[in-house]
Amino acid sequence: MWHYAQDGQRKGPVSDDDLRRLAAEGSLKPSDLVWREGMTDWLPASEATGFQFGASSAAPAAPSAPPAYAQQPPSYAQQSSPYTPPSAPLDMGAPIPDYLPWSIAATLLCCLPAGIAAIVFSVQANSAKNAGNFDEARRKAGQAKTWLYVSVGVGLVVMLLYFGLIMVGGLAGEL
Amino acid sequence: MESRLVPAAERRLSILAVAGGVVAVVLLAVAPPAAYPIPDCPFHAVTGAYCPGCGTLRASHSLLGGHFLHAVGYNALFMLLLPLLAWWGLGWTRAAFFGRNWKSVVTPRFGWVLLAAVVGWWLVRNLPWAPFAALRPVAGNPLLG
């Protein structure tokens with residue numbers, strides 16, 4: 001799923017095919033910034049995709065002045081670290097962690113019912129992220145993390161106590 | 001990056017995870033269950049109901065002993081998801097060791113499917129009627145016969 005930026009607005013998500021079509025019909029200019037998960041930063045569509053770009057109805061896609069891009073002070077070329085979050089107005093912030101694998105593993109390997117809550121929140125976080133709703137995704141991911149830690153923490157304590165009891169019981173039985 | 005450890009710590013964690021995995025596999029594969037009886041799941045001990053994870057330890061033990069059907073009998077969902085869990089574990093471990101980013105590559109829709117599968121599995125294996133006995137990790141399950 002791609003997100004793209006035009007006139008200072010974030011748009012999308014759109015599928016690979018949709019973005020290709022937008023490019024072909026000229027709605028997406030080679031200079032428009034695009035991003036999808038896995039990319040560390042927004043890039044001009046021409047660099048990120050390799051799609052065929054059709055002539056825009058408004059203006060030919062000349063490399064004169066990519067407006068939305070040039071107006072934003074910190075262009076991606078000036079960023080020092082490759083992990084700098086994408087810059088305004090495309091405020092993605094830091095990458096949103098995905099706790100789903102850990103939540104599933106925690107639930108299957110020990111820790112009900114907090115593990116289920118962690119699964120629910122991580123699934124919601126991934127859905128929100130896919131819809132481009134990053135604030136919501138960040139909040140849900142935070143809740144998933146909390147529940148994951150609670151489930152693993154409580155699970156460990158319960159396991160230790162429980163195995164301790166069984167061992168003590170076993171020893172007592174042998175005496 | 002939020003919630004991302006520094007690479008050195010992640011690498012240590014990945015080494016620890018591999019070591020822990022090897023120890024667990026050796027213990028489960030070598031230790032005869034008679035010598036180390038696998039204790040009842042705490043959730044089952046307290047509630048009398050089976051949780052989605054009940055039987056995973058016995059399933060792992062059976063699988064390592066080459067008894068695939070027994071493993072399925074102890075926890076079918078765990079066996080179904082084992083390739084995915086292994087794929088996740090290997091992917092994360094490799095990425096953590098080499099300091100790369102790792103993505104679980106699960107679409108949101110598939111995430112919902114997984115959630116439904118876990119909750120559904122929890123419900124279904126506790127239904128008291130005959131056909132569902134095959135989903136419980138106890139005697140009476142034909143797979144464990």
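Keep in mind the model is a prediction, meaning the values are calculated, not measured. Chain identifiers are assigned alphabetically (A, B, ...) following the order of the sequence lines, protein sequences preceding nucleic acid strands; residue numbering begins at 1 within each chain.
- Atom CG of A:L109 sits about 9.5 Å away from atom CG of B:L57, to the nearest 0.5 Å.
- A:L108 approaches B:F78 most closely through the heavy-atom pair CD1-CA, 4.2 Å.
- If you chain together hydrophobic residues whose side chains sit under 4.5 Å apart, A:W35 and A:Y4 fall into the same group.
- Only the side chain of B:L81 comes within contact range of chain A, with at least one heavy atom under 4.5 Å from a heavy atom of that chain.
- Residue contact with chain A, scored on non-hydrogen atoms closer than 4.5 Å, involves the side chain of B:L85 exclusively.
- By the neighbour-count criterion of 12 heavy atoms within 6.0 Å, atom CZ of B:F68 is sparsely surrounded, having that number or fewer from other residues, nucleotides or ligands.
- Tracing side-chain contacts under 4.5 Å through hydrophobic residues (I, L, V, M, F, W, Y), one never reaches B:Y50 starting from B:L77; they form parts of separate clusters.
- Among B:C41, B:C51, B:P42, the residue with the largest count of heavy-atom pairs under 4.5 Å with chain A is B:P42.
- Put simply, CH2 on A:W102 and OG on B:S104 are 10.5 Å apart, with the number rounded to the nearest 0.5 Å.
- For the atom pair CG of A:L100 and CH2 of B:W112, the computed distance is 11.0 Å after rounding to the nearest 0.5 Å.
- Taking OG1 of A:T107 as the start and CH2 of B:W121 as the end, the distance is 14.5 Å to the nearest 0.5 Å.
- Within residues 117-124 of chain A, the residues having any heavy atom under 4.5 Å from a heavy atom of chain B are, by residue number, A:I119, A:V120, A:V123, A:Q124.
- Cluster partners of B:L90 are absent, since no Ile, Leu, Val, Met, Phe, Trp or Tyr has side-chain heavy atoms less than 4.5 Å from it.
- When hydrophobic clusters are built by joining Ile, Leu, Val, Met, Phe, Trp and Tyr residues whose side-chain heavy atoms come closer than 4.5 Å, directly or via intermediates, A:Y99 is grouped together with A:L156.
- Both B:L135 and B:L69 are part of a single hydrophobic cluster, where members link through side-chain heavy atoms under 4.5 Å apart.
- Each of B:L144 and B:F132 belongs to its own hydrophobic cluster when Ile, Leu, Val, Met, Phe, Trp and Tyr are linked at side-chain heavy-atom distances under 4.5 angstrom.
- Within the 4.5 angstrom heavy-atom criterion, no atom of A:M1 approaches chain B.
- With rounding to the nearest 0.5 angstrom, the CD1 atom of A:I104 is 4.5 Å from the CG atom of B:L114.
- Within a 6.0 Å sphere centred on OH of A:Y149, other residues, nucleotides and ligands contribute 12 heavy atoms or fewer.
- Taking chain B as the reference chain and counting heavy-atom pairs below 4.5 Å, the highest number among A:S103, A:P101, A:S127 is found for A:P101.
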